[in-house]
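Structure first, then comments.
Whatever order the structure lists ligands and atoms in, that order sets their numbers, starting from 1. Just so you know, residue 1 is the first one in the sequence shown, and it goes up from there. Below, all heavy atoms of this structure are taken into account, side chains as well, without hydrogens, waters or symmetry copies.
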Amino acid sequence: VHEKIVPALRCVERRIQKTCKDSDERYTARAVGGFRHDNSYRGGEVSNHLFGIAVDIDPDRNPCCGCVEPWPSHKLCKDTSKSIYEKTELPRCWINAFERYGFYWLGRDDLEDTMHFEFLGDPDRILP
Ligand SMILES: [Zn+2]
């Protein structure tokens, strides 16, 4: 990721360690992706991964239900009546921790990209 968002990620990590302790809030991330060279197109938009300010956590466990196949066929996407929190293995406590420190969770978007968080704050205003 971009060095400027590292302090924000550290805050998220500390928050998770401090607050996500219940058995249903524990989660161990196995595969975390950040910076990418190639754009993942969504219309004409440029992915925030190109700027190193987006992270994806465990795509196999946190699907993007609104993306192209094979995502909508993921077992967690099948039941469209479910809430977005049931379409991801990420605990709500983790999502709250990211959002608290300026990361937007793309699970809230029409895309329902539950693996994806991007930093939308002003990195120059982060106090290390
Ligand atoms: Zn992503």
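- Not a single N/O/S atom of C64, whether from backbone or side chain, sits less than 2.8 Å from the Zn ion (ligand 1).
- When you scan the N, O or S atoms of D56 for the one nearest the Zn ion (ligand 1), you land on OD1.
- The closest approach of H116 to the Zn ion (ligand 1), by N/O/S atoms, is made by ND1.
- Separation of the F103 and F98 ring centroids falls under the 6.0 Å cut-off.
- When the disulfide (SG to SG under 2.5 Å) test is applied to C93, the partners found at least two apart in sequence or on another chain are C20.
- If you take CZ on F35 and CD1 on I53, they are separated by 12.0 Å, rounding to the nearest 0.5 Å.
- In this view, Y27 and W94 satisfy the ring pair (Phe, Tyr, Trp, His ring centres under 6.0 Å) rule, not counting sequence neighbours.
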